[in-house]
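Down below is the structure, laid out as structure tokens.
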2 protein chains.
Amino acid sequence: MTKRPTIHDVAARAGVSKSTAAVVFSSPDDVSQARRERVLAAAAELGYTPNAWARSLRSTSGGFVGIIVADFHNPLFTEIADAARQLLAAQGIFSFVASASIVDGPDGKILDREPIQHLLDLKPQSLFIVGGLPDLSPFANLPGHIRVVVALSSAHELPGAVTVRTDESAAMDLVCAHLADLGHSRLAYIGPVGRRVAEDRRDAFVRAASAHRMTTTIESTGTAMDEPSGSDAAERVLALAEAPSAIVCYNDNVAFGVQNALERHQDRSVAVTGYDNTYIARLERIALTSIEQNTAEIARRSCDLLSNEDAFAAAVGTDILIAPELATRSSTETVTV
Amino acid sequence: MTKRPTIHDVAARAGVSKSTAAVVFSSPDDVSQARRERVLAAAAELGYTPNAWARSLRSTSGGFVGIIVADFHNPLFTEIADAARQLLAAQGIFSFVASASIVDGPDGKILDREPIQHLLDLKPQSLFIVGGLPDLSPFANLPGHIRVVVALSSAHELPGAVTVRTDESAAMDLVCAHLADLGHSRLAYIGPVGRRVAEDRRDAFVRAASAHRMTTTIESTGTAMDEPSGSDAAERVLALAEAPSAIVCYNDNVAFGVQNALERHQDRSVAVTGYDNTYIARLERIALTSIEQNTAEIARRSCDLLSNEDAFAAAVGTDILIAPELATRSSTETVTV
DNA sequence: TTGTATGCGTTATCAA
DNA sequence: TTGATAACGCATACAA
């Protein structure tokens, strides 16, 4: 097997022309049954499978889905990408995953165009972008027939794209309702600013909290959204004259930092909530109440759009919002005020 | 930009033939300076970059490195893959990452050949396999010029490959020396069986512990290596007549389970160590002493082999062992016995 | 040094 | 229905 068999080898073995053999794999009905069976048999004996990339080169589309993961290290992203691959494979559509490479530029993050161009050169039938990219311009002038679906981020820069993301309002409503039930009335929110998702989430929090008649304080972590920045922000919040009884965080990482700060202050009275319901939040030592984004449903809806032309056409330009759930754990089982 | 410029367009604009233009990009010295500059200028104006896959199709090798990540969800793997990409890019070598898809077969895990075949069809110059795959046979009959480097796993099935992995003996020696320093003399080890790395690590533990004159108990987690299995195994160990004063774990996940079990028993006297020094181990609430695999060094050595033919030839068939480090945290700051 | 012709593995367009 | 031929974007042996 040091060399793969080609359509040429199959044709020779079956005693037909290259073109006839090729047709067997593209539109089997256009060839007589006798020849079709001979070709198929020859292909099976040789272990022939078409070379997808030679096909791509010749055709306008390779018939596969290109998946671009914004950040390999975000388990949410890889989970969705993985689920999408399986769903598409079940439909007989194969997919190819590429990681976006994001580098530091003079002003902010910059999206490296090279790996994306390489994926585009493979001529995907449609594109699935998982997670937020600093820049969507590489996808602005795609050949019109390529469908683009963006998950977990907004694609307002791409008029022809469809976005599938978590319903932030519903999420923050779950959080605030839960805290209201527990008797909280003064909340703080800790999270980053600047990025679209960040603004959405914070605004959703403010709306939800006020709907539940709770007062709010917003503490920014700048552009950071990790454990140390959460810890720092928590210190500032705890120093406030009217300290809150619960702290709602942009994501789990920030919440871990907040938990650390509370631990340093020996303060077990303040409730903390996260967002993403990561593996870590489930650990008994952490036990963080957190929003679970419905990744399975996000993947399912995305794949539907990716593979179904009509479904995509009907949804183009819209945001599809997926309802999240709240996983409640002991981080919100505190002394109520 | 709805259509990418081809070498044809560049040649037309520069007023030379296709081949001349092509040569400018493959062996620039073989063309006169005047024409070279005209071609380069035309390419720049058009924004031309070569289509790597068309090049691959024509040549025996596309000159890029194919990276296969065994499991997207293992942060260690993605970290190494990412580092390798950057190191290779700095050398002007581009790389393409594909995730292996591992499915459940009748007896055990099965490696899906399709995505791998697709990557192979792209004709990589060399292959970088990150992490353990259930089956290396798809790589057994590669065209001879393709170099294969395997990181974090063993490649004894592939005679022509080179393995780069952590020195398990050194790792377990660090752990046991640390525990010996703290006065421990009875150790338990909790981890899975069956896989090569698992056996290596356990055997290394036994050797290191006996070198430090400590007694050992081995508790298996079967094939599992996650938090619940660690928790269960810890319960069994704690029920032992002569309970150990320290528990050494196969990895961090298992160790988190052990920590949970200890927490349930209100037992702060038993030391726990992990392996991988994940992001989670660093969280203040977890503070797990753990072995840090030197991913940067693993990536560096691997890339050296990947890009340097001579270095690879010298190392073929061998295992390159990378020294790990021990990150000590409060999980081993217990009451000493 | 430069251009012409051919092929990589496939699909598409024609005649036959 | 089938098969010869061209083309996708590129590289290379060969001729000029």
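First the proteins, then the strands, lettered A, B, ... as listed; each starts at 1.
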Whole angstrom is fine here: how far is it from [atom1] in [X] over to [atom2] in [N]?
X	N	atom1	atom2	answer
A/L46	C/dG9	CG	C1'	15 Å
B/D30	C/dG3	CG	C1'	14 Å
A/I7	C/dG7	CD1	C1'	17 Å
A/F25	C/dG9	CZ	P	15 Å
A/R4	C/dG9	CZ	P	10 Å
B/R55	C/dG9	CZ	P	18 Å

- Query: Counting only non-hydrogen atoms, which of residues 56-64 of chain B are less than 4.0 Å from DNA chain C?
  - Reply: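 Correct list: B/L57, B/R58.
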- Dot-bracket, DNA chain D: Watson-Crick or G-U, under 3.5 angstrom, [ ] crossing, | other strand? ||||||||||||||.|
- Message: For A/K18 and A/Q33, find the nucleotide of DNA chain D closest to each by heavy atoms; which residue's nucleotide sits nearer the 5' end?
- Response: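 Going by which nucleotide is closer to the 5' end, it is A/Q33.
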Within the distance-only criterion (no hydrogens, no angle test), does the side chain of [X] pair as donor or acceptor with the backbone N or O of [Y] below 3.5 angstrom?
X	Y	answer
B/D82	B/E79	no
B/D9	B/T6	yes
A/T20	A/V16	no
B/R38	B/A14	yes

Compile the donor-acceptor pairs under 3.5 Å between side chains in residues 152-163 of chain B and protein atoms, sequence neighbours left out, one pair per line.
| unit_1 | atom_1 | unit_2 | atom_2 | d |
| --- | --- | --- | --- | --- |
| B/S154 | OG | B/H156 | N | 3.4 |
| B/S154 | OG | B/H156 | ND1 | 2.8 |
| B/H156 | ND1 | B/R196 | NH1 | 3.0 |
| B/T163 | OG1 | B/A155 | N | 3.3 |

- Can the ring centres of B/F72 and B/F77 be said to be less than 6.0 Å apart?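 They do not qualify: ring centres at least 6.0 Å apart.
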Tell me whether the side-chain N/O atoms of [X] come closer than 4.0 Å to OP1 or OP2 in [N].
X	N	value
A/T6	C/dG9	no
B/S19	C/dT2	no
A/K3	C/dG9	yes

Show me the donor-acceptor pairs within less than 3.5 Å that the side chains of residues 119-135 of chain A make with the rest of the protein, sequence neighbours left out.
| unit_1 | atom_1 | unit_2 | atom_2 | d |
| --- | --- | --- | --- | --- |
| A/D121 | OD1 | A/Q117 | NE2 | 3.2 |
| A/D121 | OD1 | B/R4 | NH1 | 2.6 |
| A/D121 | OD2 | B/R4 | NH1 | 2.3 |
| A/K123 | NZ | A/S56 | O | 3.3 |
| A/K123 | NZ | A/L57 | O | 3.3 |
| A/K123 | NZ | A/S59 | O | 3.1 |
| A/S126 | OG | A/L306 | O | 3.3 |
| A/D135 | OD1 | A/S137 | N | 2.9 |
| A/D135 | OD1 | A/S137 | OG | 2.8 |
| A/D135 | OD2 | A/S137 | OG | 3.0 |

Donor-acceptor list for residues 22-33 of chain A side chains, cut-off 3.5 Å, not counting sequence neighbours:
| unit_1 | atom_1 | unit_2 | atom_2 | d |
| --- | --- | --- | --- | --- |
| A/S26 | OG | A/A22 | O | 3.3 |
| A/S26 | OG | A/V23 | O | 3.4 |
| A/Q33 | NE2 | A/E37 | OE2 | 3.0 |

- Task: Determine the contact category for B/S26: base if any of its heavy atoms lies under 4.0 Å from a base atom, sugar-phosphate if only primed atoms, P, OP1 or OP2 are that close, otherwise nothing.
- Result: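 Contact class for B/S26: none.
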- Task: Would you sort out whether A/R165 and A/I322 count as a side chain to side chain contact (heavy atoms under 4.5 Å, CB included), showing the intermediate values?
- Result: CA-CA 6 Å; A/R165 59 192 176 85; A/I322 307 297; over 6 Å; no
- Item | Nucleotide range of DNA chain D lying under 4.0 Å from chain A heavy atoms |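 For DNA chain D, the relevant span reads D/dT1 to D/dG9.
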- Task: Mind telling me whether B/F96 and A/H118 have parallel, tilted or perpendicular rings, with 30° and 60° as the class edges?
- Result: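 Taking B/F96 first and then A/H118, their aromatic rings stand perpendicular (interplane angle over 60°).
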- Quick one: sort the A/F64 and A/W53 rings into parallel, tilted or perpendicular, breaks at 30° and 60°.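 Taking A/W53 first and then A/F64, their aromatic rings stand perpendicular (interplane angle over 60°).
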